[in-house]
Protein chains: 2
Amino acid sequence: MPSPAKTTDTQIIAAARKLVERRGRDGFSMKDVAAAVGIRAPSLYSRFAHRAQILASVEIEYWRQLERELARARTAGDPADALAAQARAYRAFAKAHPQGYGLMFDARAERTEEGTSARAGALAPTLPGFAALVAGGDAGDHARTLLAARVLTPFLHGFVSMELVGAFRLGGGLDEAFEYGVATILAGLRETGSHRTTRRRRRRHSRDVAH
Amino acid sequence: MPSPAKTTDTQIIAAARKLVERRGRDGFSMKDVAAAVGIRAPSLYSRFAHRAQILASVEIEYWRQLERELARARTAGDPADALAAQARAYRAFAKAHPQGYGLMFDARAERTEEGTSARAGALAPTLPGFAALVAGGDAGDHARTLLAARVLTPFLHGFVSMELVGAFRLGGGLDEAFEYGVATILAGLRETGSHRTTRRRRRRHSRDVAH
DNA sequence: ACCTGAACACCGTTCAAGT
DNA sequence: ACCTGAACACCGTTCAAGT
């Protein structure tokens with residue numbers, strides 16, 4: 001005769017997420033999560049292998065939510081405007097879920113198949129914008145699209161994580177700094193997208209400097 | 001009659017740093033640190049208030065080391081070249097000390113006066129380069145220098161932390177992507193630095209889009 | 001199948017006692 | 001002043017037992 005289930009995996013993950021958001025990734029115990037869904041800590045182990053797996057599930061939820069918000073933020077028309085709108089949505093997401101954002105980039109997290117694909121998928125809604133910006137109609141130029149994405153995306157992550165950790169200490173408006181950064185990068189990318197030779201020359205130059 | 005000291009604060013911090021680099025910020029216990037310097041865990045509390053204070057001391061060491069390496073990487077001549085060289089030094093530092101780098105941007109760290117100033121000082125060696133790049137000889141234009149620094153610096157942090165966490169999954173060379181990002185941003189900044197009106201127009205445009 | 005209390009091997013930290 | 005063992009209140013996790 002099986003014991004009737006008092007809760008569900010979904011409820012457990014939701015409870016854990018709430019605790020993460022309130023007190024951070026280290027701010028809850030298995031006992032806390034269990035109590036939040038009306039069971040005892042050892043019972044969690046019939047559903048999750050260990051604490052890290054619960055955290056990994058919470059992390060995946062955050063990545064999926066970010067993906068939805070980036071997709072929703074995408075506007076029609078000029079690709080640079082669409083990317084700027086998505087950049088603002090990205091920052092807004094991080095500021096709305098500071099603890100969750102920290103979890104998403106925690107190096108100690110588990111490396112699951114599902115987590116890797118959730119993370120990769122989250123930024124997918126921005127790729128058409130980059131393709132339109134730098135490759136024009138040439139949708140097959142995947143390498144150029146990827147290079148462009150890898151300028152703005154790191155800026156976004158770096159800016160918001162520095163902002164969340166309080167690293168901007170020298171004054172000045174951060175909204176303005178963010179807008180300035182996004183505009184500068186998009187202008188730089190648009191320029192390299194419209195002049196292939198300019199871009200080739202610049203890349204060769206960079207390599208010369210590096211080696 | 002005092003007990004003779006078996007160790008020093010400096011040795012304790014060095015031992016903790018070694019453990020952090022080997023197993024991460026959560027990978028050592030007070031017992032481990034104490035054993036590494038030949039004492040017992042409770043003795044640490046006559047020197048440090050708690051574990052987080054040891055970690056904070058280790059973190060400060062990393063910030064000071066980064067500052068030294070950025071200062072050393074600075075080259076004479078073209079400011080963009082100097083900044084590119086510092087960008088490479090920044091990335092090399094993060095890849096040489098991945099666990100330490102994670103500690104430096106850990107949101108859970110203590111907020112000490114000394115830590116805040118060590119962090120702020122670490123990026124100071126790049127400021128003259130930004131000033132030369134965007135403000136020309138006008139050393140007093142601090143706001144423009146700061147705006148420029150807040151484009152490249154977040155890119156650097158974002159790129160290396162995404163790289164360390166394994167976030168770049170779509171293939172392509174990361175060395176090339178890094179160089180491309182640095183070159184794109186520096187070109188964008190140099191352009192805004194040489195044409196004040198262009199920059200003013202862009203900033204007003206950004207604000208219009210944001211609000 | 002799912003839940004439980006008891007137990008295990010840890011943790012950071014406190015404290016009274018030693019020199 | 002610095003060090004120590006013992007103790008406290010926790011952890012995550014395991015396990016045998018209950019239904």
Criterion side-chain contact (heavy atoms from CB on, under 4.5 Å) on B:Arg119 and B:Ile60, from CA distance to verdict: CA-CA 8 Å; B:Arg119 162 176 288 174; B:Ile60 288 170; over 6 Å; no

A:Phe155 six-ring centre to B:Arg150 NZ/CZ under 6.0 Å and within 45° of normal: no

Residue pairs involving residues 33-46 of chain B (criterion side-chain hydrogen bond (donor to acceptor under 3.5 Å, both in side chains); sequence neighbours excluded): none

Short N-O contact, B:Asp106 and A:Arg25, less than 4.0 angstrom: yes

Side-chain (A:Gln86) to main-chain (A:Leu70) donor-acceptor, under 3.5 angstrom: yes

Whole angstrom value for the distance that separates C1' of D:dC3 from CE of B:Met30: 14 Å

Axial cation check for A:Phe28 ring with A:Arg51, 6.0 Å and 45° limits: yes

Ring geometry between A:His157 and A:Tyr101 (parallel below 30°, tilted from 30 to 60°, perpendicular above 60°): tilted

Residues within residues 37-51 of chain A bordering DNA chain C, heavy-atom distance below 4.0 Å: A:Ile39, A:Arg40, A:Pro42, A:Ser43, A:Arg47

Cation over ring face, B:Arg88 and B:Phe178, 6.0 Å, 45°: no

Side-chain-base donor-acceptor pair under 3.5 Å for B:Ser29 and C:dG12: no

Options C:dT4, C:dC11, D:dC3, nucleotide nearest the side-chain atoms of B:Lys6: D:dC3

Spacing between A:Lys31 atom NZ and C:dA7 atom P, to the nearest angstrom: 16 Å

Base-pairing string, 5' to 3', of DNA chain D - Watson-Crick or wobble, under 3.5 Å, | interstrand: ||.|||||...|||||.||

